Amino acid sequence: MLNKTYAPAETDPKLYDAWERAGAFAADPDSNAKPFTIMVPPPNVTGSLHVGHALTFTIQDILIRWQRMRGRDVLWQPGTDHAGIATQLMVERLLQSEGTSREALGRDGFLSRVWKWKEESGGTISRQLRRLGASLDWPRERFTMDDGLSTAVREVFVTLAKEGLVYRDRRLVNWDPKFQSAISDLEVESREVRGHLWHIRYPVADMPGTFITVATTRPETMLGDTAVAVHPTDARYADLVGKHAILPLTGRRVPIIADDYSDPERGTGAVKITPAHDFNDFTVGQRHNLPMPSILDRAAQVTLGEIEGELAAVEGVADPAFVRRLARMGRFEARKEIVAELERLGLLEKTEPHTHQVPHADRSGVPIEPLMTVQWYCNAGVLAKPAIKAVESGRTRFVPQQWENTFFAWMRDIQPWCISRQLWWGHRIPAWYGPDGTVFVERTAEEAAEAARAHYGQPTTLTQDDDVLDTWFSSALWPFSTLGWPEKTRELARYYPGDVLVTGFDIIFFWVARMMMMGLHFMGDVPFSTVYIHGLVRDERGQKMSKTKGNAVDPLEMIAEYGTDALRFTVAALTGPGRDVKLGKRTIENYRGFVTKLWNAARFCEMNGIAPDPTFKAVDATLPLTRWILAELSDAVQEASAALEQYRFDEYAAAVYRFTWNSFCDWFLEFAKPALADSQSADASEVKRTAAYTLGVLLRLLHPAIPFVTEALWDDFGYGPPGSLIREHWPEPFDVPGARAARDELDWVVRLITEVRTVRAEMNVPPSQRSPILLKDAPREVIERAARWRDAIGRLARASEVRPLNGEVPSGVAQAVLDETTIVLPLSGLIDIAQERTRLERERAKVAGDAEKIARKLENADFVARAPEEVVAENRERLAGLRGEVARMEAALARLG
RNA sequence: GGGCGGUUAGCUCAGCGGUAGAGCGUCUCGUUUACACCGAGAGGGCCGGCGGUUCGAAUCCGUCACCGCCCACCA
């Protein structure tokens with residue numbers, strides 16, 4: 001006997017354990033079935049489950065469970081990402097609380113500490129994914145820094161380096177002064193900053209009293225200026241081009257140059273050029289062959305090394321002593337000092353408030369500093385070309401398709417990817433340097449030593465590159481590194497390329513694009529044929545969720561409170577194409593009601609002795625009721641499958657919800673009650689067997705979304721052995737004999753009951769007050785129908801009897817029109833004639849209005865001539881029907897007197 | 001500055017050429033062989049504005065307005 005309510009907290013983990021122990025999630029490389037593969041986007045090993053995970057993993061698990069039921073050999077590849085910066089920072093904080101530090105432990109000590117942390121606490125997210133019901137193939141779990149995956153990383157790096165697609169370069173890089181590492185363009189985000197625009201007078205050399213004024217938001221970088229640029233056509237400055245300016249503070253003579261980069265509309269039209277600290281200035285510097293002194297170090301503190309020798313005292317303009325005091329000062333403090341000094345010297349023309357976008361490091365949150373360093377780069381431009389082609393040709397498609405534009409826009413203008421990071425935690429770059437700086441890129445230290453011996457003609461001591469690779473470098477290999485590449489494993493042959501990649505739009509560039517590039521380059525094929533892009537999870541008001549705002553929904557809390565199924569169904573119901581998911585506690589609570597509804601419906605079935613009957617076939621159904629619910633069920637199967645086929649999780653949820661609640665519970669079970677009450681009745685057996693069949697199909701339809709409650713019911717009813725629903729076959733639409741007639745009949749009964757209920761509710765008739773339902777002008781089929789459904793109508797429409805009305809309509813009755821029949825409800829004493837007249841008049845007006853609209857349409861000669869025949873015919877028919885109704889309503893009104 | 005998405009019932013959204021829909025919320029009623037995490041009924045909409053195409057536009061095209069996001073830009 002089922003409990004009064006479903007208790008997910010106790011039941012769900014047991015069901016999950018049973019599935020996992022039984023190997024229900026396991027891929028089977030030996031099977032003959034067609035594979036279906038999803039590579040999980042590996043969560044950070046430091047992570048814990050948040051709503052974003054709940055969304056993405058629910059979607060994936062729905063697809064996975066659905067395809068598994070369809071008989072595919074499903075591989076859902078699990079794993080975690082080492083997440084370089086995030087993990088290193090986390091362990092560093094841990095060390096800090098223990099009174100030690102990364103530096104104190106040294107590189108090796110620190111790394112073993114991180115590994116130890118990973119062994120002890122790195123499994124949190126995997127445990128939490130189990131609570132979400134995610135049916136991942138756990139024994140295949142991988143970690144991006146596993147031996148195998150690390151081999152893959154080295155193999156890719158070395159191969160690309162030998163192909164010239166990975167190389168070292170000295171150029172400006174986005175530098176994070178807080179973490180003191182290079183970062184890629186993607187890790188930079190613009191933030192609006194309210195700052196100032198300082199207008200600074202640079203004296204023109206050999207022209208005493210003449211100044212050229214530049215405007216800047218970063219006066220501290222002027223220490224590294226090596227030119228002032230004006231636009232070639234700017235008449236204001238034409239005479240000054242070719243002359244020199246005296247750089248205030250340092251006294252350096254810098255040329256005044258003409259360059260298109262200068263925009264006469266902005267600032268003063270003259271712009272200071274600091275090639276070593278600004279990306280635009282860098283290109284100007286290259287064009288004009290300017291010196292590029294760095295004046296900020298890796299911590300973004302002033303460093304004078306490259307300009308020390310050039311400092312010159314100039315009366316009233318430059319003072320080497322002042323500049324020397326700036327050494328090792330932070331960039332923002334130096335800015336203040338420099339502004340004060342310029343003011344003192346009378347060289348500060350004016351200061352304006354100025355709001356502008358400043359690039360920040362997304363991780364550390366500090367403004368990035370363009371810095372001249374040597375880094376490793378990947379030539380993404382070359383790798384991007386086949387990836388673009390693959391999407392253009394449809395080999396890989398995006399759902400929703402609009403994201404292809406985003407992908408193309410970025411890929412077609414892709415910049416070299418800086419892949420080295422000045423961190424310790426990550427894949428160490430497999431490059432070794434000889435004493436003279438010669439670089440040996442090899443898979444192992446031994447191979448590098450071998451290469452060095454060949455190069456130098458003798459054994460030579462090498463030093464390995466200190467840097468590690470961008471975390472996304474190893475993520476880019478995930479679709480094949482997890483399958484054993486570079487070994488030629490049978491998994492690799494079978495499960496690459498995968499089918500679907502599910503992820504958020506925020507990492508299309510970070511991850512999707514790079515997997516495409518690497519997959520095509522190393523496997524010769526795309527890593528997946530479909531990329532399903534979902535939205536972001538937001539709170540009920542559409543705000544981004546964040547811990548600081550306090551509006552974050554904790555999925556584990558929701559699971560504890562409402563059960564996993566409620567959370568999952570909510571997510572599915574809200575996941576429309578290209579839309580963010582606005583998730584609130586109330587919504588989850590609401591869908592928990594759906595899970596309960598299903599549970600109670602099943603309980604009701606159980607209480608009535610409804611049990612699976614494997615011999616039952618839909619084609620054997622003979623009754624209108626059973627034929628009708630089976631036809632509805634077949635439609636629901638069809639709708640659910642079509643929705644999943646198109647990644648319409650919202651439509652899938654809506655279809656199964658509607659069928660369960662409206663068709664099965666509200667009408668079928670209610671109509672079934674008379675038959676169930678009398679187990680000897682002729683219909684009882686067929687009704688029960690149909691109910692059992694319907695429930696069985698329904699559980700299968702619902703399983704991908706709400707796996708726990710469906711498996712619990714499946715097991716309890718004994719549809720199969722415990723834990724078998726997960727591998728049960730997905731239902732197919734089926735034929736039902738006489739479906740059309742059954743639908744016509746049930747449709748009529750439902751409309752009759754609804755009509756009577758509406759009248760009674762509007763007349764405030766108490767439910768205890770039963771009334772006869774008299775059918776005036778009813779054709780014979782209708783009278784027969786009414787007789788067949790006497791019990792159900794009696795129950796659901798509170799009728800004492802249902803019969804044709806022969807003769808006069810008594811007075812003091814309520815009336816309603818249903819097709820050609822007028823329903824008469826003698827409710828003597830309860831009917832207020834005036835009120836009834838108002839009600840009927842309102843109805844009449846509504847129907848007459850509809851009729852009028854159609855009549856006007858049909859009077860339009862163009863419509864009749866040009867609209868398709870069926871549409872015209874349909875309208876004619878409708879008009880006739882509506883006019884009939886109006887006439888009957890008018891007759892009813894007349895009878896009221 | 002370039003691009004993408006959105007604007008439909010109080011809220012969240014579906015519908016994307018032929019009778020304006022759902023869920024929630026609101027109001028009224030309710031101890032009926034499961035379910036109050038429930039049942040029955042009702043109210044609620046110039047489908048953002050303006051133009052166009054069409055026999056017919058929420059739906060297609062153009063344009064404007066507002067909202068959100070992405071990319072670029074430290075004068």
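From a predicted model like this one, the values you see are computed outputs, not experimental measurements. FYI, side chains are in, hydrogens and waters are out, and symmetry mates aren't considered; it's all heavy atoms of this structure. Note on naming: letters A, B, ... go to the chains in the order of the sequence lines (proteins, then strands), and numbering restarts at 1 for each one.
Using a 4.0 Å cut-off, no side-chain N or O of Trp599(A) falls inside it from OP1 or OP2 of C38(B). Regarding contacts with the backbone of A75(B), every side-chain N or O of Lys272(A) stays at 4.0 angstrom or more from both OP1 and OP2. Taking side-chain N and O atoms only, His356(A) has no distance below 4.0 Å to OP1 or OP2 of C73(B). Between Thr587(A) and U12(B) there is no side-chain N or O to OP1 or OP2 distance below 4.0 Å. Regarding contacts with the backbone of G23(B), every side-chain N or O of Arg586(A) stays at 4.0 angstrom or more from both OP1 and OP2. For His354(A) and A75(B), the shortest distance from a side-chain N or O to OP1 or OP2 is below 4.0 Å. Taking side-chain N and O atoms only, Arg648(A) has a distance below 4.0 Å to OP1 or OP2 of G15(B). Using a 4.0 Å cut-off, some side-chain N or O of Asn280(A) falls inside it from OP1 or OP2 of C74(B). Taking side-chain N and O atoms only, Lys857(A) has no distance below 4.0 Å to OP1 or OP2 of U19(B). Note on Lys582(A): a side-chain N or O is less than 4.0 Å away from OP1 or OP2 of C13(B). Distances shown here put every side-chain N or O of Arg603(A) at or beyond 4.0 Å from the OP1 or OP2 atom of A34(B).
Distance, Asn600(A) CG to A34(B) P: 10 Å, rounded to whole Å. The CZ-P distance, from Arg883(A) to U19(B), rounds to 19 Å in whole Å.
Note on Ala409(A): nothing from the nucleic acid sits closer than 4.0 angstrom, heavy atoms only. At a threshold of 4.0 angstrom between heavy atoms, the contacts of Asp666(A) are confined to the sugar-phosphate backbone, with no base atom among them.
Salt bridge present: Arg856(A) and Glu852(A) bring a charged side-chain N and a carboxylate O closer than 4.0 Å.
Nearest to the side-chain atoms of Thr758(A) among the listed nucleotides A36(B), G41(B), C70(B) stands G41(B).
Nucleotides U26(B) and C11(B) place their C1' atoms 11 Å apart, quoted to the nearest Å. When the P atom is compared between G21(B) and A42(B), the two are found 13 Å apart, to the nearest whole Å.
Close placement of the Tyr6(A) and Trp599(A) rings is indicated, their centers lying within 6.0 Å of each other.
Checking G5(B) for Watson-Crick or G-U wobble geometry (two distances, each under 3.5 Å) identifies C67(B) as its partner. Base-pair partner of A42(B): U26(B) (Watson-Crick or G-U wobble, both distances under 3.5 Å). Under the Watson-Crick and G-U wobble criteria, each requiring two contacts below 3.5 Å, nucleotide A57(B) is left unpaired.
Of all the heavy atoms in Lys688(A) and Asn608(A), the pair that sits closest is CE-O, 3.3 Å.
Legend: residues meeting side-chain contact (heavy atoms from CB on, under 4.5 Å) with Ala636(A), ordered by chain and number and at least two apart, are Phe659(A), Leu701(A). Applying the side-chain contact (heavy atoms from CB on, under 4.5 Å) rule to Val871(A) yields the partners Phe863(A), Pro868(A), Asn875(A); only residues at least two apart in sequence or on another chain are considered.
Taking 3.5 Å as the limit, the base of U19(B) and the side chain of Arg878(A) contain a donor-acceptor pair of atoms between them.
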